[in-house]
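Below is one structure; the comments refer to it alone.
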2 protein chains.
Amino acid sequence: MNEYSFMIGRTTLPEGDVITAKVKNDKYHRILEAAVTVFAKAGFHESTISQIAKAAGVADGTIYLYFKNKDDILVHFFNFKTRQVFACFHEEVDHAHKAVDKLRNLIKRHLEEFQKDRHMAVLYQAETHRINRLAEEQIREMHKMYLDLIAEIVEQGQVEGAIRRDIYVGLVKRYILGGVDEVINTWLHSERKYDLTSMADPLVDLFIRGIGTQPAAHS
Amino acid sequence: MNEYSFMIGRTTLPEGDVITAKVKNDKYHRILEAAVTVFAKAGFHESTISQIAKAAGVADGTIYLYFKNKDDILVHFFNFKTRQVFACFHEEVDHAHKAVDKLRNLIKRHLEEFQKDRHMAVLYQAETHRINRLAEEQIREMHKMYLDLIAEIVEQGQVEGAIRRDIYVGLVKRYILGGVDEVINTWLHSERKYDLTSMADPLVDLFIRGIGTQPAAHS
DNA sequence: GCTTGATATGAATATCAATTCATTTTCATA
DNA sequence: TATGAAAATGAATTGATATTCATATCAAGC
C-alpha cells in the first residue's frame, strides 16, 4: 500500500516547494500511486488529471496542491523510484563476491523488480526511449547509476580473470542493459504468462559466453 | 528527395481507401516526409497538424485529403519503412555466406540505416517501447521480420558449427536486438558526434564471444 | 476563354483537458 | 461549541488543436 513512504520528509527536488509542507499527508502518495497506474494503462499523454483524481479518490484541484503540474507527477515518480530500485540493486550486488555472481544477482533482481511493478516497467520503457522525454534528469541519473554498477562489476571481473580485458566497458553496459531491456519489453508486450525472472540465467549465460562455439573465433 | 516513391501505386493497408487514387501525386510523399521530420523533433503528441502542413508547404486541410487522421500518417510511415528497411536487410544478409558474416552484415546495415535516417530512428525507438503504441500492426510485423531473420542466421550457424546449439533462439533474438537498440538509443541521446556503424564490429564480437574469458565457463 | 471536376485552402468549429479559484469542509484550538 | 486557518472541492476558465467545409484555384478538354 504505502509504497512511497520512503519519500516522506525529504523532497530531493529543489523546485518542489509546493509540497514540502504537505508531504507527510498520505494524499501525496495516493495521488502518485494512482497516477502511475493510470499512466501505465493509457500512456502519459492519453491520461487526464480527472482520471488520476478519480483513481486517487480526490478532486481534480487537489492534485495541484501536491504537484506543480502533470509533468511534475512523473518527475516525482522517477526521482523516487530511481533511488528505491538502485538501493536494492546495490544491496543485491553486495551479496555476492565474485563478479559473475554479482552480475547474475543484479540481472535477476532487475527482472524481479520490473515484474513486480509492471506500471513502473511500462513507464520506464516508454520514457527512456523517447527523445524529448519527461523527467529527463531522473532518467539520465538512472542510466548513469546502471553504468557505474556494471562498470564496477566488469572491472572486478577483469581483476579476477573471469572477464575479458579487451572489451570497451562503455559498450558492455549497453550490450547488457539492452538485452535486459529487450527481454522486459517482450514480456510487457506478451500476455505476461511466463515468469520474467526465469530469463535471468539463460541471459547471463549469453552475456558471459556469447552465442559462438568456444574454440573457433579467436582473431 | 523522393524517398517514398516505392509506395507509389500500392497501398498495402486495406483501410487506406482515402488515398488510393491520389498516391501518385507527390504531395503524399511531401506530407509523409514532413510529418516524420516534425514528429522526430518534438514527439508525436506534441506535434501539430499545422506544423506538419507548414513543413510540407500545404494547407492544414490538404493533409486530410491524403491521410485519414494524424495517427494514419504514422501508420503509413511504418508500413512503408518496414518494407524498405527489411528489403535492404535481406539483401545484406544474402551477400554473405557464413552465418557470422551474415550477422555482422545485418548489424552493420542496421546501424547504418538508422544513422542515415535519424528521424526514423527516433520514431522507431519511441514507438516500439510504448505499450499502447500507434502503428501497432506495423511494429509487430517489423519485430517478427527481425526475429525470422535472426532465427534463420542462427540456425545456419548451428549447422555450420559456429553457433552453440544449447541456446534458446527466442531469447537470442532479444539479446541481439536489445544490444543493437541500446547502442542506437545511446547514440540518439548523445551529441551524435561519433560514427554509429563503428560500433558494429565490437558489438558482434560481444554477441559471439560474450564478455567471459574463454576456457573457464563450460558447464 | 469557358466549363467542369478535381484539388487545395485556411478560417471556423468542435472537442477536449489542464489549470485556476471562489466556495465549502475539516479540524485543531480555545 | 465557536473560530479561523489549512485543506479540499469541482465548476468555470482558458488554451490548444484536430478536423470540417464553404470557398477558391487549377488544369484539361472543348
Between K144(A) and E141(A), does at least one N-O distance fall below 4.0 Å, as a salt bridge requires?
->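 No, this pair does not count.
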Does D201(A) come within less than 4.0 Å of K108(A), counting only side-chain N to carboxylate O?
->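 Salt bridge present between D201(A) and K108(A).
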Does Y66(A) put a side-chain nitrogen or oxygen below 4.0 Å from OP1 or OP2 of dA7(D)?
-> no
Phosphate oxygens OP1/OP2 of dA7(D): is one of them under 4.0 Å from a side-chain N or O of K27(A)?
-> no
Would you please indicate if the ring centroids of F80(A) and H76(A) are separated by under 6.0 Å?
-> no
Less than 6.0 Å separating the ring centroids of F67(A) and Y28(A)?
->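 Yes; Y28(A) has its ring centre under 6.0 Å from that of F67(A).
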In whole Å, what is the span from the [atom1] atom of [X] to the [atom2] atom of [N]?
X	N	atom1	atom2	value
I31(A)	dA18(C)	CD1	P	14 Å
D26(A)	dA8(D)	CG	P	10 Å
K68(B)	dA18(D)	NZ	C1'	15 Å
I49(A)	dA17(C)	CD1	P	12 Å
Y28(B)	dA8(C)	OH	C1'	19 Å

Counting heavy atoms from C-beta on, name the nucleotide in dA7(D), dA8(C), dA18(D) closest to the side chain of L65(A).
->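 Among the listed nucleotides, the one closest to the side chain of L65(A) is dA7(D).
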Please determine, for the side chain of T48(B), which listed nucleotide (dT19(D), dT19(C), dT17(D)) has the closest atom?
-> dT17(D)
Centre of Y124(B)'s six-membered ring, under 6.0 Å away, within 45 degrees of the axis: is that where NZ or CZ of K81(B) sits?
->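 The answer is no; the distance or angle limit is not met.
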4.5 Å side-chain heavy-atom contact, M145(A) and F89(A) |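 They are not in side-chain contact.
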Between residues 51-63 of chain A and DNA chain C, which residues have a heavy-atom gap below 4.0 Å?
-> G61(A)
